[in-house]
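Data first, discussion second: the structure below is written as structure tokens.
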Amino acid sequence: MNSENKPNIGDQMADRDIKQKESNHRINAPDKFLYVNQRVTPRMLAATSLIASEGYRRWMMNRTMRKTEHDLIINFKGAVHELMFRATYIGSADGLTATDHRGPLGGGPGRSVYLQDFLVQGQTGGSSVPFVREIAAATNAAEAVADGDDKPEQDFDLEEINAKVGKAAVTARIGEETFADYLGLQTFFEARLVRRVKLRLESILINGTGSSPDNILGFQEAGLPTVSITTAGSLLEAVQEAIAQIESNGFTPSFIFLNPTDKRALYSSSSAAPLLVWENGFLRLLGVPIIGTAAVTAGTGLVGDGSEAGIMYKCGIEGVAYRTDSSKYDQDNLVNGLVTILAEVRAALVIQSLGAFVEIVA
């Protein structure tokens, strides 16, 4: 037999390997991998290696889950990337799976910083938190002392407080079939419900009366020192006076909370312009971050040193501050084919020194 007509063993093995790879790359694999029926080339292998790399995944996740707005980086704490892809069986002859591509349901979970985030974070196991509060910043009695001389004595104006644990919660009900049809829908709803709970908790921390249902005695009801906008002459002057008072008491202001309308008026003011700067994601006045929130009444504000107050979360056995859950057995859900999603938080506010905060009033 002519050697040119003899089968080449190397070619036969190469063809067999290619057919095996084609078979292996059909959709008969975990959902998170997408395979196609095609010949594998060195270029494809290189591209697959890049896409599978940890660095590429991190880059894509950051690109999808981050949003830049006024130099403020907001991290979306939800499975937004999971909402963008869904594997669907298309019933073709060889059983391949297609992928639905769609944008996420809405944007991210909103604001990334709330009043409670500026406070010392802690946990409590009880229904209330007893603590001692410094009512007013006392004059510093410390002095230079010569050897053998008497040491000065410091007096404190203290009171015993029992801070009650308050609760904020919200639920949403959606159709059971909708719940099942959209991958990551529970995460989507949980993120938005938690955002609403955080906003409500922030409002209670500022305006809470200490009576049911709030239970929490908020900053503006705690008897803080005040600065009047009318007396100061303008909101800008009032904020500056508040910062000066806090610093005079030996504390360092870490936040300024204003109504969004007042915040806009402040950074639109030509007199405030030299004192304002965007830094590390915050609009800052004299270096202090300004946060706009509807929890603050227009024409008022709150300035303070967050290290002198604490938010004590009652986390329970789950060990999480903001608890989420879902159930088909709430009310008439089972009959009507609905699923209830819950978000809630329990917490107490501890203000250890009133002199570290100033309430801005009209």
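For reference, positions follow the sequence shown, starting with 1. Only this structure's heavy atoms are used, side chains among them; waters, hydrogens and symmetry mates stay out.
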Q: Identify the two heavy atoms, one from R284 and one from G287, that lie closest to each other, and give their separation to 0.1 Å.
A: NH1-O, 3.1 Å
Q | Separation of L266 CG from L235 CG (nearest 0.5 Å) | A | 5.5 Å
Q: Starting from the C-alpha separation in whole Å, work towards a yes-or-no answer on side chain to side chain contact (heavy atoms under 4.5 Å, CB included) for V129 and N162.
A: CA-CA 5 Å; V129 180; N162 195 36; 5.8 Å; no
(Q) I'd like to know whether the aromatic ring centres of Y322 and Y313 sit less than 6.0 Å apart in this structure. (A) yes
Q: Tell me, yes or no, whether the heavy-atom count around E160 atom CD, taken from other residues, nucleotides or ligands under 6.0 Å, exceeds 12.
A: no
Q: Flag the pair I291 / L258 as yes when at least one side-chain heavy-atom distance between them is below 4.5 Å, and no otherwise.
A: no
Q) When rounded to the nearest 0.5 angstrom, what distance separates CG in D325 from CD1 in I341? A) 10.0 Å
Q | Any side-chain heavy-atom pair of L224 and L302 under 4.5 Å | A | yes
Q.
Around atom CG of D150, are there more than 12 heavy atoms from other residues, nucleotides or ligands closer than 6.0 Å?
A. no
(Q) I'd like to check S327 versus V339 (side-chain heavy atoms, cut-off strictly below 4.5 Å). Are they in contact? (A) no
Q) Rounded to the nearest 0.5 Å, what separation is found between the CD1 atom of I216 and the OG1 atom of T209? A) 10.5 Å
Q. Aromatic rings F255 and F219: how do their planes relate, parallel, tilted or perpendicular, breaks at 30° and 60°?
A. perpendicular
(Q) Please say yes or no: joined through hydrophobic side-chain contacts below 4.5 Å, possibly via intermediate residues, are V227 and L275 part of one cluster? (A) yes
Q) Is there side-chain contact between I243 and E241, with at least one heavy-atom pair below 4.5 Å? A) no
Q: Answer with yes or no whether the hydrophobic clustering places I161 together with I135; edges join I, L, V, M, F, W, Y residues whose side-chain heavy atoms lie under 4.5 Å apart.
A: no
Q | CD-CG distance between E202 and N207, expressed to the nearest 0.5 angstrom | A | 9.5 Å
Q.
For residues L334 and L338: do they belong to one hydrophobic cluster (side chain heavy atoms under 4.5 Å, members Ile, Leu, Val, Met, Phe, Trp, Tyr)?
A. no
**Q.** Same apolar cluster: I311 and F118, side chain cutoff 4.5 Å
**A.** yes
Q.
With a 6.0 Å cut-off (strictly less than), is the heavy-atom count around CZ of R200, excluding the residue itself, greater than 12?
A. no
Q: Return the minimal non-hydrogen interatomic distance between V194 and A343, and the atom names on each side.
A: N-CB, 3.9 Å
Q. Looking only at atom types and distance, does a side-chain atom of Q116 sit under 3.5 Å from a main-chain N or O of K198, one as donor and one as acceptor?
A. yes
Q | S127 and K164, any side-chain heavy atoms less than 4.5 Å apart | A | no
Q. Which pair of heavy atoms, one from S326 and one from Q186, lies closest together, and at what distance?
A. OG-NE2, 3.3 Å
Q.
Regarding D305 and T252, do their side chains bring together a donor and an acceptor under 3.5 Å, going by distance alone?
A. no
Q. Between S269 (side chain) and A265 (backbone), is there a donor-acceptor pair under 3.5 Å?
A. no
Q | Verdict with supporting geometry, E247 and N249, side chain to side chain contact (heavy atoms under 4.5 Å, CB included) | A | CA-CA 5 Å; E247 291 179 334; N249 290 334; over 6 Å; no
Q | Flag, side chain of N259 to backbone of T261, donor-acceptor distance under 3.5 Å | A | yes
Q: Mind running side chain to side chain contact (heavy atoms under 4.5 Å, CB included) on I360 and I229 for me, showing each step along the way?
A: CA-CA 7 Å; I360 297 175; I229 296 177; 3.6 Å; yes
Q: Tell me whether V296 is reachable from L217 by hopping between hydrophobic residues (I, L, V, M, F, W, Y) whose side-chain heavy atoms are closer than 4.5 Å.
A: no
Q.
Nearest 0.5 angstrom please: E359 CD to Q220 CD, how far?
A. 4.5 Å
Q.
How close do A172 and F189 get, counting heavy atoms only, and between which atoms?
A. CB-CD2, 4.4 Å
Q.
Between Y114 and T293, is there a side-chain heavy-atom distance shorter than 4.5 Å?
A. no
(Q) Atom CD of residue position E177 - does it have more than 12 heavy atoms of other residues, nucleotides or ligands inside 6.0 Å? (A) no
Q. Heavy-atom distance under 4.5 Å between the side chains of S353 and R133, does that happen here?
A. no
Q: Evaluate the criterion side chain to side chain contact (heavy atoms under 4.5 Å, CB included) for residue pair M312 and Q123; output intermediate values, then yes/no.
A: CA-CA 5 Å; M312 308 297 290; Q123 295 185 29; 5.8 Å; no
Q: Could you tell me which non-hydrogen atom of P152 sits nearest to which non-hydrogen atom of V145, and how far apart they are?
A: CD-CG2, 3.8 Å
Q.
Tell me if a side-chain donor or acceptor on S254 pairs with a main-chain N or O of G306 at a distance below 3.5 Å.
A. yes
Q | Audit row: D332, R173, salt bridge (Lys or Arg N to Asp or Glu O under 4.0 Å) steps and yes/no | A | CA-CA 11 Å; D332 54 359; R173 294 207 290 174; 3.0 Å; yes
Q) What distance do L276 atom CG and Y267 atom OH have between them, rounded to the nearest 0.5 Å? A) 10.5 Å
Q. Looking only at heavy atoms, what is the nearest atom pair of G281 and W278, with distance?
A. O-CZ3, 4.2 Å
Q) Is a donor on one side and an acceptor on the other found under 3.5 Å between the side chain of K167 and the backbone of R346? A) no
**Q.** Donor-acceptor under 3.5 Å (T340 side chain, D330 main chain)
**A.** no
Q. Do V303 and F257 have side-chain heavy atoms sitting under 4.5 Å apart?
A. no
Q: Mark yes or no for whether T297, through its side chain, and T300, through its backbone, hold a donor-acceptor pair below 3.5 Å.
A: no
